[in-house]
Amino acid sequence: MPSLFATSDLHVTHEGNGPIVDEVVPDDPGDWLLVAGDVAESAKVIRETLAKLRDRFAKVVWVPGNHELWTTPNDECQLRGQARYEFLVEQCREIGVLTPEDEFPVWDFGPEPLTIAPLFVFYDYSWRTPATEGKTREEALAHAREIGVVCTDEFYLHPDPYESRAAWCEQRLKVSRDRLDAIPADRRTILMSHWPLHRHPTNPLYYPDFALWCGTTQTEDWHLRYRAELAVYGHLHIPRTTSADGVRFEEVSLGYPREWRKRPRGAVPVRKLLTA
């Protein structure tokens, strides 16, 4: 019987991570795989990696992470912002990988059908530390810079044609809410995103101010509002299982070699979420 697997933050171009993709394999030909972003920075490598995974799994569902949305000088694809995202969506469709822009698939191998909702919802700098609570976004970012915390997104992740990453986030929230609201009210879900939908996974961050680039307060109740059986995410490179309001949250990232080499289990490139 098929199982549902998940992975994220494979960062395949980092030395030591490329060969690990060969370990992302199914137990059964009918298994599905959720890929919660940050496959790579290169559009070509993103497609090649997802194509390999699609050849192995019966169904692959992908959401973008911040690294996929970067426009770096050495990438052949120099599209920025929304145009880059749309290009990646088309690349996925050509190889049979589902995206946030496609019809939500239904996992119907368990006790009840679960709608898998791949979400691209971004961040809007609203997750603050006590030092910046109540201050403006600009003040919060200035405080982070003063203490040496600046996400690389500020240099490579362009929001074109939106005026800011926060404005792009607002647009993605509207798109996502509209699609989630259309799910039948009696259907439970699996919410899948790169950035965590709830703030609690950021509690262990070594640099708490990095939470500015990790999510938005506008999704804090989505696991309840949209009847989540579980929520899958990456981005933080803190792979673990937690819960909020009785809902299971799964952080499924591999992370960088310098991170997984320190863990007792070493590299864990894929996690089994559900078994039929």
Answer with yes or no whether the side chains of [Y] and [X] bring together a donor and an acceptor at under 3.5 Å.
{"X": "Ser3", "Y": "Asp27", "value": "no"}
{"X": "Thr115", "Y": "Arg187", "value": "yes"}
{"X": "Gln171", "Y": "Gln82", "value": "no"}
{"X": "Trp195", "Y": "Asn66", "value": "no"}
{"X": "Glu154", "Y": "Thr152", "value": "no"}

Using 30° and 60° as the class boundaries, would you call the ring planes of [X] and [Y] parallel, tilted or perpendicular?
{"X": "His194", "Y": "His235", "answer": "perpendicular"}
{"X": "His11", "Y": "His14", "answer": "perpendicular"}
{"X": "Tyr256", "Y": "His237", "answer": "perpendicular"}
{"X": "Trp168", "Y": "Tyr162", "answer": "parallel"}

State whether the number of non-hydrogen atoms from other residues, nucleotides or ligands found under 6.0 Å of [X] atom [atom1] is greater than 12.
{"X": "Glu15", "atom1": "CD", "value": "no"}
{"X": "Tyr156", "atom1": "OH", "value": "no"}
{"X": "Glu94", "atom1": "CD", "value": "yes"}

Are [X] and [Y] within salt-bridge range, i.e. N to O under 4.0 Å?
{"X": "Arg179", "Y": "Asp102", "result": "no"}
{"X": "Asp186", "Y": "Arg227", "result": "no"}
{"X": "Arg188", "Y": "Glu229", "result": "yes"}
{"X": "Arg145", "Y": "Asp209", "result": "no"}
{"X": "Asp221", "Y": "Arg225", "result": "yes"}
{"X": "Arg47", "Y": "Glu76", "result": "no"}

Please confirm whether the backbone N or O of [Y] pairs with a side-chain atom of [X], one donor and one acceptor, at under 3.5 Å?
{"X": "Trp127", "Y": "Tyr123", "result": "no"}
{"X": "Asp28", "Y": "Gly30", "result": "yes"}
{"X": "Asp31", "Y": "Phe57", "result": "no"}
{"X": "Thr136", "Y": "Glu139", "result": "yes"}
{"X": "His158", "Y": "Asp160", "result": "no"}
{"X": "Thr189", "Y": "Tyr226", "result": "yes"}
{"X": "Arg199", "Y": "Arg128", "result": "yes"}

Ring centres under 6.0 angstrom apart (Phe87, Tyr85):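 Not close enough - the centres of the two rings lie 6.0 Å or further apart.
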Check: Trp32 ring centre within less than 6.0 Å of Phe5 ring centre: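 Between Trp32 and Phe5, the centre distance exceeds or equals 6.0 Å.
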For Glu23, side-chain hydrogen bond (donor to acceptor under 3.5 Å, both in side chains) partners two or more places apart: none
Geometric cation-pi criterion Arg165 and Tyr125, 6.0 Å radius, 45° cone: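 No cation-pi geometry.
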ILVMFWY cluster, Val60 and Ile116 together (side-chain gap under 4.5 Å):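 They do not share one cluster, since no chain of ILVMFWY contacts under 4.5 Å joins Val60 to Ile116.
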Test log, rule side-chain hydrogen bond (donor to acceptor under 3.5 Å, both in side chains), inputs Thr241 and Glu250: CA-CA 5 Å; Thr241 302; Glu250 294 282 357; 2.8 Å; yes
